[in-house]
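Input: a single structure, listed below in structure tokens.
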There are 2 protein chains.
Amino acid sequence: MKIGLRHIRYFLVLVEELNFRRASEHLHISQPALTRTIQHLEAELQVTLFERSQNFVRLTDAGRAFRDGGRRVVNGMEATIDLTRRVSIGEAGALRVGYTDFAIADALPELLKRFHQKHPGITVRPHHGVTTSQLQELRDDKLDIGFVTGPVRQPGFQSRVVQTDRPICIVPEGHRLASRTSIVLADLADEDFVHGPADAWAHFYDYLFPLCRRAGFQPRIVQEAFNSVGILGLVSCGMGITILTESIYDFATGGLVPLPIRDISDVMVTEAIWASENLRLPTQHFVDFLEQLDKK
Amino acid sequence: MKIGLRHIRYFLVLVEELNFRRASEHLHISQPALTRTIQHLEAELQVTLFERSQNFVRLTDAGRAFRDGGRRVVNGMEATIDLTRRVSIGEAGALRVGYTDFAIADALPELLKRFHQKHPGITVRPHHGVTTSQLQELRDDKLDIGFVTGPVRQPGFQSRVVQTDRPICIVPEGHRLASRTSIVLADLADEDFVHGPADAWAHFYDYLFPLCRRAGFQPRIVQEAFNSVGILGLVSCGMGITILTESIYDFATGGLVPLPIRDISDVMVTEAIWASENLRLPTQHFVDFLEQLDKK
DNA sequence: CTTCATGATACCTTTTATGCATCAAAAACT
DNA sequence: AGTTTTTGATGCATAAAAGGTATCATGAAG
């Protein structure tokens, strides 16, 4: 015979009552049934849990230890059952969200905050990553939703624009262009650029390079940093200039000058992307949430 | 029907194997029995835990939640059973130990350290208190062992001397006696004394006052502090002098001068005291431990 | 000295769990 | 293409566990 949750539940009620008959009534069973269940429990444990006499029933030291542990077990079981049910109806769960520097600097924080208000049981697990790595993680089912630099067209996946940014040029204080109020792209033809590695930042380059080519030059990238904070850092110590978005510039600590670029009309888009089929419930909730944003 | 630990154990094995037949062999039951148990579990939870087909068995999101919670429950149950058994044979448990300033300043730390080495499963719960309050707590079964200022003779309790201290006089730097290398009690006849409250420190007074009376004076107590640290503090700011033990003087931070008292031959004893009957197992272990100290 | 309340035991019934035989469907093999 | 094997599910009979009723022994209260 093995110890089951039934034994523990009966035991805990008896601990409260310290009287077999009253405890058995509370449990809606007969008194002999309770007596035998406690006997079986003690036999299986090889431990006396109660001192009994006709006058009193009281816990032994070992009984107290079993009471404390038993309560934890029963509470843990109830919590587990509750959580499992909530997960099964999508009221609880985890959502793995990928994001780029561009997304986290602008729309994403507010978006996640509102999603959390609507679905407080769903834990958002943020995964930082560039567009290419997020797309791979989506295909590998390591990620539920990606926030990536668009436009992306991935077979089996759907996407939706959540953010548009007009790129700006960022130069260090004291730079020859720092006193200008705005520029055109051609002004940057002979500048040194600071940016991210070509493989990781491929999607941003796909957006930026054609614009420069149209303006008649190929940007000369002389320094690479692994994220936008690093890029801004290198710019501020005079290693070169860069083109990023205004929201990212807002994170800079100083020593930098933002310059609007008059002849860029194309915006840079950040898209949410997710699998078109077999969505997990938290993902489905997030997609519904994104779609409701349009209606409001 | 209710969920029992059996359901969870079977479920967890199936989670490991993800194959009903193999899991049933591992459990030493037939495959239909396992299928039924999992069906009952899912019916009771009203949750699908596994996606099944003839080709594969895999967990749902809810199944993963139940797996994590179920593991905690089963581990908690096993730990509880183990702890309960250990408590019942006295291998684990709690020992409520009372101690005075005199005890904790000298013998007790080493004693408790060695006891813990011998019985690592027993947690010592220290309760600071003066002799009188410890005796009350022993009678009320709030304490298993007291370390008190002796001699005490309490009906139904046994005691054993664990520490003897020769009292010394402690005066502040710059005091008229501070340059002496030792004194006799009569030197203190006209001094102001700092000590603890009469009710709480009754046992110490019972030891000290007769000595002073024999030396021909009644100590004049002008300041009271609640513990020995407070007494030493008041002495060091010149409020008076005191008589305590050398081990307590060792805790002083400075500004004090210790003076041996040549004409005190009676030592001050600290005793361990415990009930003579119906000892809890940890208490019995401690008493046995104290008795083994003599043999070594 | 009786009455009452307690926890334990004996005996029987109901409920639950299990094993065996078997099925339908898909995969693996010939 | 056809056969064999493997998978999880189901029907039915059996074993084991849990429960109920009646009753006992013991100590407390009246």
Side-chain angles (χ1 to χ4, degrees), chain A residues 1-60 62-63 66-67 70 73-74 77 81, chain B residues 1-60 62-64 66-67 70 73-74 77 81 278:
Chain A
M1 200 221 44
K2 271 242 156 189
I3 297 173
L5 285 177
R6 191 183 58 90
H7 296 86
I8 304 175
R9 290 205 186 89
Y10 288 11
F11 165 81
L12 289 177
V13 171
L14 180 57
V15 166
E16 292 303 313
E17 298 287 348
L18 290 178
N19 176 308
F20 279 78
R21 187 187 45 77
R22 281 204 306 276
S24 71
E25 284 169 11
H26 192 284
L27 286 163
H28 308 295
I29 60 171
S30 68
Q31 171 261 315
L34 178 59
T35 291
R36 260 171 317 172
T37 300
I38 299 297
Q39 284 172 337
H40 287 159
L41 179 57
E42 289 182 319
E44 186 67 22
L45 286 168
Q46 299 178 291
V47 167
T48 303
L49 297 171
F50 294 98
E51 290 179 68
R52 309 136 151 96
S53 85
Q54 279 84 350
N55 313 324
F56 58 84
V57 174
R58 78 165 74 102
L59 276 171
T60 61
F66 194 71
R67 171 197 63 190
V73 166
V74 169
M77 190 68 243
I81 291 172
Chain B
M1 197 221 44
K2 272 243 155 187
I3 296 173
L5 285 177
R6 191 183 57 90
H7 296 87
I8 304 173
R9 291 206 186 88
Y10 288 11
F11 166 82
L12 288 176
V13 171
L14 180 56
V15 165
E16 292 301 314
E17 298 286 347
L18 292 178
N19 176 306
F20 280 77
R21 187 185 47 76
R22 280 203 306 276
S24 70
E25 285 170 9
H26 191 285
L27 286 162
H28 307 294
I29 59 170
S30 69
Q31 171 264 313
L34 179 59
T35 292
R36 281 303 193 16
T37 302
I38 299 297
Q39 284 173 338
H40 287 158
L41 178 58
E42 289 182 319
E44 187 66 21
L45 285 168
Q46 300 179 290
V47 166
T48 302
L49 297 170
F50 294 98
E51 291 180 67
R52 310 132 148 100
S53 85
Q54 280 84 351
N55 313 323
F56 59 83
V57 174
R58 77 164 75 104
L59 277 171
T60 61
R64 265 180 283 276
F66 194 71
R67 171 198 61 189
V73 167
V74 169
M77 190 67 241
I81 291 173
N278 297 325

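This is a predicted model, so every value here is computed, not measured. Quick note on labels: first sequence line is chain A, next is B, and so on, each numbered from 1. Just the heavy atoms: all of them, side chains too, but no hydrogens, waters or symmetry mates, feed the values below.
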Handout entry: Length of the line joining B/Phe50:CZ and D/dA9:C1', which is rounded to integer Å
Key = 15 Å
Exercise for the section: Ignoring backbone atoms, test whether B/Asn55 places a side-chain nitrogen or oxygen under 4.0 Å from the OP1 or OP2 oxygen of C/dA27. Expected result: yes
Fill in the blank from the handout: Between A/Leu18 and A/Arg58, the two heavy atoms sitting closest are CD2-CA, 4.2 Å
Handout entry: Length of the CG-C1' vector between A/Leu14 and C/dT6, whole Å
Key = 13 Å
Exercise for the section: Using only side-chain N and O atoms of B/Arg21, determine if any of them is under 4.0 Å from OP1 or OP2 of D/dT7. Expected result: yes
Problem - Atom pair distance, as rounded to whole Å: CD in A/Glu25 and C1' in D/dG19 - result: 16 Å
Handout entry: Shortest non-hydrogen separation from A/Leu5 to A/Met77 and the atoms involved
Key = CD1-CG, 3.5 Å
Practice task
Check the distance between D/dG8's C1' and B/Leu49's CG and give it to me in whole angstrom.
Solution key: 16 Å
Exercise for the section: Calculate, to the nearest 0.5 Å, the distance between atoms CD and CZ belonging to B/Glu16 and B/Arg22 respectively. Expected result: 11.5 Å
Completion exercise
In 5'-to-3' order, the base (B), backbone-only (S) or no-contact (-) status of each nucleotide in nucleotides 16-23 of chain C, using a 4.0 angstrom heavy-atom cut-off, is -SSBBB--
Exercise for the section: Would you kindly give the CD-to-P distance between B/Glu17 and D/dT6, to the nearest whole Å? Expected result: 16 Å
Problem - Residue whose closest nucleotide on DNA chain D lies nearer the 5' end, B/Gln39 versus B/Asn19 - result: B/Asn19
Handout entry: Distance in angstrom units between A/Ile38 CD1 and C/dT6 P, rounded
Key = 17 Å
Exercise for the section: Could you tell me which non-hydrogen atom of B/Leu12 sits nearest to which non-hydrogen atom of B/Arg67, and how far apart they are? Expected result: CD2-O, 3.8 Å
Handout entry: Protein-nucleotide distance (B/Phe56, atom CZ; D/dA9, atom P), rounded to Å
Key = 12 Å
Practice task
Kindly say if B/Thr35 contacts the phosphate of D/dG8, meaning a side-chain N or O under 4.0 Å from OP1 or OP2.
Solution key: no
Exercise for the section: Could you check how far CZ of B/Arg52 sits from P of C/dA25, rounded to whole Å? Expected result: 18 Å
Exercise for the section: Please collect all ring-ring contact (aromatic ring centres under 6.0 Å, His included) contacts where either partner lies in residues 4-23 of chain B, sequence neighbours excluded, each pair once. Expected result: B/Phe11-B/Phe50, B/Phe11-B/Phe66
Problem - Residues which pass side chain to side chain contact (heavy atoms under 4.5 Å, CB included) with A/Val47, listed by chain and number, not counting sequence neighbours - result: A/Leu45, A/Leu49, A/Ala62, B/Thr84, B/Arg85, B/Ser88
Handout entry: Reported CG-to-CG distance for the pair B/Leu14 and B/Leu59, which is rounded to 0.5 angstrom
Key = 8.0 Å
